[in-house]
*Asks:* 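Before I ask anything, let me first share the structure, which is written out below as structure tokens.
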Amino acid sequence: AGGGAWNYLYRQYQSYNYSSSQAHNYPLQLGIETGFLGITVLIGLVIVLIYNYVKYKKVKSIKSLGIQEEELNVTSGFLNSAIITSIASLFMHSVIDFDFAESSMLLLFWQLIALHNREFIDKFKLNGEKLIKKNTNIIRNKLNINNKKILITGIAISAVILYFSTSFFIASSFAKQSYENLQNDDIETAISKMEKAIMLDKYNEKYVIGYNSIPNRPDIKVGLADILFIKNEMLKEAQENGEDVSEYELNRFQKQFAKVASLLKNLEKKAKNNLSLTSDLASYCFKIGEIEKGINYLDSAISYFPFEPALWHSKINVHYQLMKEYFNKEDYEKAKEYLIKGLSVINEAKIINEKNMNPFTFSENTIDLLQKMKFMEDNWNTDEIYNINKVVHYSLLGLDMNMDQIPEQWMLGDNEQISTSIVDNSLLVDTDFGYIYSRYPIKFEKGKTYRIEIILEEPIDYIAYHIVGMSSNVIPFEYSGEKYISDLFIESEPAQNGNQLVVYFSADCKVQSILVIEKD
């Protein structure tokens with residue numbers, strides 16, 4: 001698949017989420033990057049080395065080759081054995097590690113082969129000294145004839161390498177200067193410097209769509225497109241504040257943006273199997289309003305790295321934001337379309353997770369979005385939907401990404417006293433008296449009243465709860481005929497990161513819903 005292919009492709013084939021830029025197996029990586037030809041050459045090299053060494057060890061004299069008998073030197077033989085052992089050790093270890101990705105190790109490997117080869121040649125001169133000298137003179141004469149050509153070729157190759165390396169280095173310097181100019185609010189100079197970086201290094205798409213100026217801060221990107229988005233916001237803010245923005249300035253911005261659009265069109269051809277570029281293109285499309293195209297790029301990114309929860313979060317968040325936007329515009333049909341698509345991502349991720357030896361779970365932020373979307377779906381045709389901003393917890397009892405029969409939002413207390421399973425998006429609880437508690441703390445606010453509601457398929461004698469860190473008392477629910485309800489007034493200051501909710505069950509039951517919502 002070409003040089004560097006492992007790093008582009010391995011995430012699509014991994015059986016659990018790990019990160020590695022090398023295959024930790026040199027023959028495998030060579031096969032991926034150079035195919036049948038590369039593997040054939042490698043096998044040929046190994047066969048020749050083995051053949052030569054076996055021949056070296058078996059032949060104790062070279063009388064049979066027409067040269068006067070000469071016993072092999074014991075010391076020389078020992079050293080050659082050490083050399084071939086070193087070669088074999090390096091090669092065998094490269095099958096379980098990425099040794100040869102380090103140039104020093106690969107150079108050592110070839111140096112050892114050269115030593116072994118020199119020793120072999122010295123011991124097995126096939127046609128005697130005279131023939132060797134004759135051949136050497138012929139080769140030397142040919143080399144002298146072609147010496148000028150070799151020199152010119154070497155200079156030309158060195159000049160090309162020097163040109164590209166210098167060009168790439170200067171481009172990198174311009175990109176760093178662009179970031180510094182941006183920090184100093186010198187937006188036009190920042191744009192000019194980044195354009196120069198692109199001109200000098202046309203192969204680095206990051207300068208166009210997301211140059212990472214600080215290695216340990218992947219969230220800071222200052223590609224040319226990013227800078228122009230910043231400029232666009234500045235122009236828009238100036239116009240909203242009544243400032244005079246000249247026609248010349250607007251035209252210049254349009255030309256700058258058109259140039260970026262043209263560059264990005266060319267970059268799209270390079271997006272296949274390129275996770276980073278595909279993700280950046282998805283982000284760019286969302287910013288310019290090409291939503292469906294952005295979702296397609298996001299789907300491609302997920303296919304390149306299916307076990308990455310952050311990409312699934314991005315997809316859910318896009319649908320949530322679109323649902324929210326259309327709902328606020330009162331385009332309820334379009335809003336529900338994106339709502340359903342967003343919730344369907346759960347099943348998409350579950351199917352992928354079935355192939356995962358170490359199934360991922362959604363993050364707290366992802367679950368926060370999903371619970372809001374699920375609440376809206378369940379209350380779409382009721383006035384309750386308008387209370388969405390008051391919901392602090394709504395259980396998705398069918399959400400079980402790691403397939404442990406425990407909903408993502410909950411954890412079990414004593415496993416000997418309680419067990420659960422998930423059936424038809426409901427939670428079957430098997431217990432005589434046990435409890436579950438929220439995996440993620442629920443964020444209450446002091447001075448507010450919250451209603452906690454639990455719906456069971458069939459009532460049981462007793463359900464109670466308490467809030468960890470706020471009350472040591474266990475508070476029983478009141479049964480209203482269809483719901484178990486309790487109103488909770490927050491008197492003391494809650495924990496900054498939230499408090500866990502613990503729910504106790506006195507018997508087997510089937511939980512259909514758990515809701516915590518702020519009361520008026």
Side-chain angles (χ1 to χ4, degrees), residues 3 22-68 70-158 160-161 165:
Q22 304 291 334
H24 288 249
N25 182 313
Y26 179 68
L28 174 62
Q29 185 143 351
L30 189 72
I32 291 168
E33 298 188 354
T34 64
F36 179 77
L37 179 62
I39 287 293
T40 302
V41 171
L42 181 64
I43 292 171
L45 174 64
V46 173
I47 290 172
V48 167
L49 286 171
I50 294 172
Y51 173 79
N52 283 356
Y53 182 68
V54 169
K55 188 174 180 182
Y56 179 92
K57 291 298 289 181
K58 280 186 175 181
V59 180
K60 297 299 181 182
S61 70
I62 53 176
K63 184 177 181 181
S64 60
L65 297 177
I67 302 175
Q68 62 182 14
E70 178 185 329
E71 294 297 324
L72 294 174
N73 183 279
V74 175
T75 304
S76 178
F78 174 79
L79 289 174
N80 198 260
S81 296
I83 290 169
I84 202 70
T85 301
S86 300
I87 292 170
S89 299
L90 283 173
F91 181 76
M92 290 169 66
H93 195 264
S94 76
V95 176
I96 60 169
D97 211 336
F98 57 93
D99 307 61
F100 292 165
E102 301 289 345
S103 57
S104 58
M105 296 299 291
L106 193 60
L107 179 61
L108 176 60
F109 180 71
W110 284 106
Q111 285 173 328
L112 289 168
I113 290 174
L115 288 173
H116 168 70
N117 196 49
R118 180 71 264 164
E119 177 69 12
F120 183 82
I121 290 171
D122 287 345
K123 295 298 179 184
F124 298 94
K125 296 174 183 177
L126 299 179
N127 293 303
E129 293 292 340
K130 291 181 180 180
L131 183 58
I132 291 294
K133 287 180 180 178
K134 182 180 178 182
N135 289 339
T136 302
N137 289 331
I138 292 171
I139 293 169
R140 187 178 294 115
N141 290 334
K142 287 184 177 179
L143 286 176
N144 288 334
I145 293 170
N146 296 319
N147 190 48
K148 188 177 289 186
K149 291 181 180 179
I150 293 170
L151 181 61
I152 292 171
T153 303
I155 291 172
I157 293 172
S158 299
V160 170
I161 293 171
S165 59

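All values below were derived from every heavy atom in this structure, side-chain atoms included, with hydrogens, water molecules and symmetry-related copies excluded.
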*Asks:* Give me each pair satisfying side chain to side chain donor-acceptor pair (under 3.5 Å) with a member in residues 96-108, each pair once, sequence neighbours excluded.
*Replies:*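 Listed once each, the pairs are His93-Asp99.
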*Asks:* What distance separates Ile83 CD1 from Leu49 CG, expressed to the nearest 0.5 Å?
*Replies:*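 Ile83 CD1 to Leu49 CG: 12.0 Å, rounded to 0.5 Å.
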*Asks:* As an exercise, state the distance from CG of Asn52 to CD1 of Ile84, rounded to the nearest 0.5 Å.
*Replies:*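 Here the rounded value is 8.0 Å.
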*Asks:* Do the ring planes of Tyr53 and His116 sit parallel (below 30°), tilted (30 to 60°) or perpendicular (above 60°)?
*Replies:*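 The arrangement is tilted - the two ring planes meet at 30° to 60°.
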*Asks:* Could you state the interatomic distance from CD1 (Ile47) to OG1 (Thr40), rounded to the nearest 0.5 Å?
*Replies:*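 Those atoms lie 9.5 Å apart.
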*Asks:* Can you name the side chain to side chain donor-acceptor pair (under 3.5 Å) partners of Gln29, sequence neighbours left out?
*Replies:*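 If we apply the side chain to side chain donor-acceptor pair (under 3.5 Å) test to Gln29, skipping adjacent residues, the hits are Gln22, Glu33.
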*Asks:* So if I apply the side chain to side chain contact (heavy atoms under 4.5 Å, CB included) rule between Tyr26 and each of Ile96, Leu42, Leu90, Val95, which one comes out positive?
*Replies:*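 It is Leu42, the one option of Ile96, Leu42, Leu90, Val95 that forms the side chain to side chain contact (heavy atoms under 4.5 Å, CB included) with Tyr26.
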*Asks:* For a quick test of reading the model, state the closest non-hydrogen atom pair linking Pro27 to Ser94 and the distance between them.
*Replies:*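 Nearest pair, atom of Pro27 first, then Ser94: CD-O, 4.3 Å.
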*Asks:* State which residue, out of Ile113, Leu112, Leu108, fulfils the side chain to side chain contact (heavy atoms under 4.5 Å, CB included) condition with Trp110.
*Replies:*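 Filter result, single survivor: Ile113.
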*Asks:* Considering all heavy atoms of both residues, which atom of Ile39 and which atom of Leu30 are nearest to each other, and what is their separation?
*Replies:*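 For Ile39 and Leu30, the tightest heavy-atom pair comes out as N-CD2, 4.4 Å.
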